[in-house]
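For this chain, numbers begin at 1 and follow the sequence in order. Counting starts at 1 for both ligands and their atoms, following the listed order. Below, all heavy atoms of this structure are taken into account, side chains as well, without hydrogens, waters or symmetry copies.
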Amino acid sequence: MRKEHLFEGMRGRIDDRVILAMAKVPRELFIPESYKSNAYEDTPLPIGYGQTISAPHMVAIMCVLLDLQNAMQILEIGGGSGYHAAVMANLVKPDGHVFSIERIPELVAQARENLRNAGVVNVSMIEGDGSTGLLEHAPFDRISVAATAPRVPEPLKQQLKVGGKMVIPVGTTFQELILLKRKNGFYIEEKMGVAFVPLIGEHGFKE
Ligand code: SAH
């Protein structure tokens with residue numbers, strides 16, 4: 001599929017700012033050689049180590065739900081290829097920053113290279129268990145979780161600013177994409193059924 005077709009199909013359903021940000025990030029740079037020709041199909045693709053880069057429409061929907069604006073501090077759990085982080089980085093630039101945590105060291109190295117090749121400067125790709133968050137850079141305006149959790153990890157709730165928002169898939173066979181808002185308390189909206197790889201860690205699933 002050609003790039004224009006993918007984004008044309010999103011028009012009217014996805015916020016224009018998000019489509020524009022996605023159009024600026026070359027998805028082919030985040031995809032292994034053997035799948036590059038599929039870069040602009042609206043489907044998840046393997047990135048090695050049993051993991052996948054999310055489908056473009058899923059990245060788009062999660063970005064829309066988070067309402068990303070300039071200067072925001074973002075935490076992403078499940079950096080994978082770095083693509084989703086690059087799109088969010090585009091939406092919060094020039095003053096915002098994305099901290100992305102990935103547990104598989106080889107993917108961290110690959111994602112850093114991908115981000116460098118794409119010229120993205122406001123993402124820090126960090127190796128570790130993101131289910132515990134990233135205390136040294138907390139609190140965050142937005143948290144985006146790209147792996148499904150048994151329940152919303154408590155540390156992530158605590159590291160969200162008051163007025164902040166988090167998107168996170170929750171569940172096993174049946175997963176629900178949840179939008180969690182922190183105001184005077186925590187408010188949850190169930191958005192849609194989804195299929196993500198498991199969040200593996202202290203506040204996720206056990207290995
Ligand atoms: N956002 C990614 C898609 C990532 S798929 C992209 O744009 O390519 C989900 C990723 O979550 C996988 O790479 C997996 O290794 C990672 N993951 C799973 N559990 C994790 C944890 N506890 N901490 C950090 N990363 C985790």
Side-chain angles (χ1 to χ4, degrees), residues 6 18 21-22 24-32 35-36 38-63 65-66 68 74-91 98-118 120 123-135 137-138 140 142-157 159 166-172 175 177 194-207:
L6 174 64
V18 171
M22 290 184 72
K24 282 186 189 150
V25 180
R27 191 167 182 255
E28 67 274 16
L29 295 182
F30 295 83
I31 286 172
Y35 296 101
K36 279 203 195 301
N38 307 104
Y40 292 99
E41 282 167 20
D42 196 5
T43 170
L45 293 167
I47 54 172
Y49 311 93
Q51 309 303 322
T52 51
I53 175 173
S54 304
H57 76 271
M58 189 49 59
V59 173
I61 288 169
M62 290 170 78
C63 287
L65 288 175
L66 283 183
L68 300 167
I74 313 293
L75 176 65
E76 179 187 44
I77 318 298
S81 66
Y83 174 74
H84 194 160
V87 173
M88 293 195 286
N90 234 289
L91 286 160
V98 179
F99 297 91
S100 180
I101 312 181
E102 170 54 54
R103 65 181 281 272
I104 300 175
E106 290 84 353
L107 288 179
V108 172
Q110 185 63 62
R112 284 183 182 146
E113 193 184 323
N114 297 344
L115 289 160
R116 214 176 13 255
N117 291 339
V120 180
V123 174
S124 307
M125 192 55 68
I126 298 159
E127 184 187 328
D129 173 10
S131 75
T132 60
L134 190 63
L135 206 49
H137 292 286
F140 299 95
R142 301 289 188 260
I143 299 179
S144 183
V145 185
T148 187
R151 66 198 72 80
V152 182
E154 199 52 40
L156 299 186
K157 289 167 72 174
Q159 292 175 30
M166 168 171 21
V167 279
I168 176 168
V170 171
T172 47
Q175 305 172 14
L177 187 66
V194 288
F196 280 84
V197 297
L199 181 80
I200 295 166
E202 194 182 329
H203 296 269
F205 294 100
K206 302 297 162 227
E207 240 173 307

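The distance from ligand 1 to the heavy atoms of Gly79 drops below 4.0 Å at these ligand atoms: 1 (N), 2 (C), 6 (C), 8 (O). Atoms of ligand 1 found under 4.0 Å from any heavy atom of Ile104 (numbered from 1 in listed order, with element): 15 (O). Atoms of ligand 1 lying under 4.0 Å from at least one heavy atom of Leu107, given by number and element, are 13 (O). Close approach of ligand 1 to Gly128 (heavy-atom distance below 4.0 Å) involves ligand atoms 23 (N), 24 (C). Heavy-atom proximity to Ile101, at under 4.0 Å, picks out these atoms of ligand 1: 24 (C), 25 (N). The ligand atoms of ligand 1 that sit less than 4.0 angstrom from a heavy atom of Asp129 are 21 (C), 22 (N), 23 (N).
In terms of protein heavy-atom proximity, atom 23 (N) of ligand 1 is closest to Gly130 N, 2.8 Å. The protein atom (non-hydrogen) at minimum distance from atom 12 (C) of ligand 1 is Gln51 OE1, 3.2 Å. The protein heavy atom nearest to atom 20 (C) of ligand 1 is Arg103 CD, 3.4 Å. With respect to atom 9 (C) of ligand 1, the closest heavy atom belonging to the protein is Ala146 O, 3.3 Å. At the top of the distance list for atom 8 (O) of ligand 1, counting protein heavy atoms only, stands Ser81 OG, 2.6 Å.
Atom CD in Glu102 sits 6.5 Å away from atom CD in Gln51 (nearest 0.5 Å). In this structure, the separation between CD1 on Ile77 and CG on Asp129 is 8.5 Å, given to the nearest 0.5 Å. Taken from CD1 in Ile168 to CE in Met62, the straight-line distance is 9.0 Å, to the nearest 0.5 Å.
Contacts between Ile53 and ligand 1, counted as non-hydrogen atom pairs separated by less than 4.0 Å, involve both the backbone and the side chain. For Val197, every heavy-atom contact with ligand 1 shorter than 4.0 Å involves the side chain, none the backbone.
Using a 4.0 angstrom heavy-atom cutoff, Pro198 counts as in contact with ligand 1. Using 4.0 Å as the threshold, Ala85 has no heavy atom nearer than that to any atom of ligand 1. At a 4.0 Å cut-off, not a single heavy atom of Ser100 sits close enough to ligand 1 to count as contact.
Polar contact check, Ile77 against ligand 1: no nitrogen or oxygen pair lies under 3.5 Å apart. Here's the thing with Gly78: one of its N/O atoms is less than 3.5 angstrom from an N/O atom of ligand 1. Checked against a 3.5 angstrom limit, the closest N/O atoms of Ile200 and ligand 1 fall inside it. Of the polar atoms of Thr52, none of the N or O atoms is found under 3.5 Å from an N or O of ligand 1, judged by distance alone. In terms of N/O distances under 3.5 Å, ligand 1 is approached by His84.
Asn90 approaches Ala21 most closely through the heavy-atom pair CB-CB, 4.0 Å. Ala146 and Val197 get closest at one heavy-atom pair: O-CG2, 4.5 Å. The two atoms that bring Asn38 and Leu45 nearest to each other are O-CD1, 3.8 Å, heavy atoms only.
Considering Cys63, Ser100, Pro56 in turn, Cys63 is the only one that fulfils the side-chain contact (heavy atoms from CB on, under 4.5 Å) rule with His84.
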* To do: Might you work through the side chain to side chain contact (heavy atoms under 4.5 Å, CB included) test for Met22 and Arg27, ending with a clear yes or no?
  => CA-CA 8 Å; Met22 290 184 72; Arg27 191 167 182 255; over 6 Å; no
* Determine, stepwise, if the pair Val167 / Ile61 fulfils side chain to side chain contact (heavy atoms under 4.5 Å, CB included). => CA-CA 10 Å; Val167 279; Ile61 288 169; over 6 Å; no
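Considering only heavy atoms from C-beta on, Leu91 stays 4.5 Å or farther from Ile74 through its side chain. Within the 4.5 Å cutoff, side-chain heavy atoms of Leu75 are placed close to those of Leu156.
Ion pair Glu113/Arg116 not flagged as a salt bridge, since none of the NZ, NE, NH1 or NH2 atoms sits closer than 4.0 Å to an Asp/Glu carboxylate oxygen.
The aromatic rings of Phe99 and His137 lie parallel to each other, their planes meeting at an angle below 30°, with 60° marking the opposite boundary.
When the options Glu102, Glu76, Met88 are ranked by their closest heavy atom to atom 13 (O) of ligand 1, first place goes to Glu102.
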